[in-house]
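This report refers to the structure that appears directly beneath it.
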Amino acid sequence: MSARAPVAGIEFAGVSHEIGTKQLLDDVTLTIPRGQHVALIGPSGAGKTTLLRMISGIVWPTSGTVRVLDQRVDQLHGKRLRVFRRRIGYLHQQHNLVPQLRVAHNVLMGRLGTWSLWKAAWSLLRPVDLDKARAALARLELADRLWALPDELSGGEQQRVAIARLLLQEPDIVLADEPVSALDVRLGRQVLEELFELAGDGRTLIVSLHSLNWLELGFDRVLAMKNGAVVHDGEPSSLSRPLLESIYGAELAEIDLAQA
Amino acid sequence: MSSNPSSSGVTQKLATGEEAPKTTQRAMWLLLALVALSVWALPLDLTSVTSWSEFQAAWTRFGDFVSAFAAPDLSQSMLTRCASLAAETVAVALLGVAIGLVLAYPLAVAACRAVVIAAGPTPLVRRWLARLLLELARFVLDVMRGVPDFVWAVLLANITGVSPVTGLLAIAISVAGIFGKVLSEQWDNVDGARYVALRSTGASRLQVFLYGLQPLGSRTTLSFVLMRTECAIRNASVIGVVGGGGLGTGLWDEYTDANWRGVATILLTLLLVTASADVLANFVRRRLRIDANHPRAPLALHKHAATRRRRQVGAGIGLVLLACVWWLWVPLQNTWQELNRIDWSYVEQYTFGLFQPSWSAEIWWAVARESVVPLAIGVLATLAGGILAVVMVYPASLAMQLDSPRFTGERVTPVARSLRIVSLLVARAIALVMRGIPEVAWLVMLAVFFRSGITPCVVAVALHTAGVLHRVFTEAVDDVPYGQLERVRGSRPAVFLYGALPRIWANWRTYGFFQFEVNMRIGIALGIVGAGGLGLFFNNNLEYRQHADAAAFLWGMIVLTVLVDRVSRWLQLTRNRC
């Protein structure tokens, strides 16, 4: 846990989310203090993505309240919502980069929340804050890819460009939705370590994971989800084989296979 | 071509494999019913082909006309006039498209749901205002698009007079309407998951548009712009018939003077201009590799090379537009002076008059009745043209004629190969001429044979449609990956029928339906030059200054376009293609 005092960062109270008859989140209540590094696990369709999106103000609850960074996210709109979103860094599973724009622009997107519309439009022609983008890419050892197109990069490089964007965004909370599920073990470790480094200075980090191997990287806490509900909450060491079997069911064999 | 409703229920049944023949059958019956209705509704006069004496008379008339083509007027003065008219036409089209694009952009942004409507909790008033803006922008686009460019020219001619500037404005407005719709739909069709990352950086919706929607949805924009430019050149060349200057005005002058040799010269010039635009646009598309169906993926250019090329292209476009302005300088100045002299209270009265249609039941009954004419022309001409195009696809297909050894494994003798080359070139040349001659020009020629009326109109639209559809149909066949064709393991016809056709059938249907919409608007436009229906009634009322009645017919056109558009959207048949 970080040096900072554990102030309430994220609070869910009785949160549910449904689309039609499908229950994506089912009465979730949880608190994540500021600075905690949390792993989110569970089978596909458990509601991990919905939970993360709700924290960042992209999805809204059908009932219950979501409070993040002392603000009611479910009531934010307009400019205040955009200011809030700027403080939440989000690394998506895919489609982080816009393939038609060069890496420089993709990284500079992290500044959009602080730019006026005109500055943003102008930056497409003559990139603004290019030094910051260059520095962020250099930190991730991608300095020479500044003007490449995303399709010229490997999957790992693309995820690192997305992390460079987070560096420019300077968020208070970092969310990552299966950031390494498409990468091999070596690259996956590299990307996750970058994320930990990014979150190192007292930022909250929540990472949803497909592979359980990554838990040993130093998470403070594990949340396990199933059918939209949080079914387990504790330290990584608290996970046991029978527990995992009850969470994942038949899918566990696949995960084992993938890890082997 | 114009039917086959596919609701989700039907799709589900299709998936179980039980209902497929029935839906096809139903679609066929629907189509047949539509054709029967159209034939019944249109006063088709076929005596020129059904009665022997009439047929002979028609041939004699046509013979005179065709013999003029053997000896077109090639005098120095005529050639100079043609060259100048052709340059005027091209300038009108290019400037029109440029202005149309500039007009379309802000409207398209305002008509894009993803930009205007916020997701999540928003105060009710703000939500309503956004909705209002969206609907307003869409309505403006509908009006701009719903009134065909011909009709815009007629309307504007009352203010700006008969001049190339009228044609230019008419093209700009209708191009803006079409672009606005297509662009906003392209942006709205971008999957939300592809720019959710951008939203989560705290970017505003307009910023998301700039960095996300716009680049993500622009894959086919350039290709579409080229295609519309090509269409605009065709339309500009005929818009003159109703007062827009250029080749059309010349054609109509010669036609009303019954100077067939002059008509022949202008028609040949027209063909030259449209065919070169056709070939040139295709060349540019291939060159830039922006064709949506191009098998090779676009090359990733180095940043400096990309910047350099962007500058070159920008400078080129700028120079061309400057040249257009220079060429049209005199008419532009004239229009400017005209506008300074104009009685603005008249313009105001005239414009507002068009928004106050007559509400008499009689007029609206006439509107409904006359709407049938363009609809029926659309059905018959699209179907006939489509069938003609389909027949010509096989001999013109690169895959089937020249590349077939790559997927059938056959050996082709040099003689057979040269025969195939001939078949390919002939079929493509015929199609090029068919689409190169605009509908009105076909109408002028066919009216000699059929006399005036609705029959030459249907045939004219059908011939042009065949040419237009032939190209997209053939492209679709040629773009099926050869690897997929190889799996059929059969002769060329077998590969064509069982390998290519099933893959592109839906594609063809989409193009066909889009062409139906275009043809319906052409049906309105041709009415102005005498074919009847909405266009004729509108024009007559406008000429006799019955503005309220003319307005009713104008709004009839808009309602008809919007209805067809909504129905096609509902049937999921639209496609962003010219």
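First the proteins, then the strands, lettered A, B, ... as listed; each starts at 1. Everything quoted here is computed from the prediction, not taken from an experiment.
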Item to check | Smallest separation among heavy atoms of A:L124 and B:L210, with atom names | outcome: CD1-O, 3.9 Å

Checklist entry - Minimum heavy-atom separation for B:G202 to A:R85, with atom names? => result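 Closest approach of B:G202 to A:R85, heavy atoms only: CA-CB, 3.7 Å.
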
Checklist entry - With only heavy atoms counted, which part of B:A203 is less than 4.5 Å from chain A, the side chain, the backbone, both or neither? => result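 Looking at B:A203, backbone and side chain both touch chain A.
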
Checklist entry - Tell me, side chain or backbone of B:V208 under 4.5 Å from chain A's heavy atoms, or both, or neither? => result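 Neither part; nothing is under 4.5 Å.
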
Checklist entry - Is the CD atom of A:Q75 crowded by more than 12 outside heavy atoms at less than 6.0 Å? => result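 Count over threshold, so yes.
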
Checklist entry - Is it true that atom CZ of A:R72 has more than 12 heavy atoms of other residues, nucleotides or ligands lying nearer than 6.0 Å? => result yes

Residue [X] versus chain B: region with a heavy atom under 4.5 Å:
| X | value |
| --- | --- |
| A:I88 | backbone |
| A:R111 | neither |
| A:R87 | neither |
| A:L91 | neither |
| A:D151 | neither |
| A:T114 | neither |

Checklist entry - Between B:V196 and A:H95, does a side-chain contact (heavy atoms from CB on, under 4.5 Å) hold up when you go through it step by step? => result CA-CA 8 Å; B:V196 69; A:H95 300 311; over 6 Å; no

Checklist outcome for this item: Scored by heavy-atom pairs under 4.5 Å with chain A, the best of B:T122, B:D191, B:L206 is B:L206

Checklist entry - chain A: which of B:S200, B:G212, B:A119 shares the most heavy-atom pairs with it under 4.5 Å? => result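 Ranked by contacts with chain A, first place is B:S200.
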
Checklist outcome for this item: Separation between CG (A:L117) and CZ (B:R205), nearest 0.5 Å, reads 12.0 Å

Checklist outcome for this item: Between the CG atom in A:L101 and the CD atom in B:Q214, the distance rounded to the nearest 0.5 Å is 9.0 Å

Is there a side-chain contact between [X] and [Y], using heavy atoms and a 4.5 Å cut-off?
| X | Y | value |
| --- | --- | --- |
| B:T201 | A:L166 | no |
| B:Q207 | A:S116 | no |
| B:R126 | A:H77 | yes |

Checklist entry - Any sub-3.5 Å donor-acceptor pair from A:Q94's side-chain atoms to B:A193's backbone N or O? => result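 Between the backbone of B:A193 and the side chain of A:Q94 there is no qualifying donor-acceptor contact (under 3.5 Å).
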
Checklist entry - Any sub-3.5 Å donor-acceptor pair from B:Y211's side-chain atoms to A:V98's backbone N or O? => result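 Not at all, since once roles are kept as given, no pair shorter than 3.5 Å links the two residues.
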
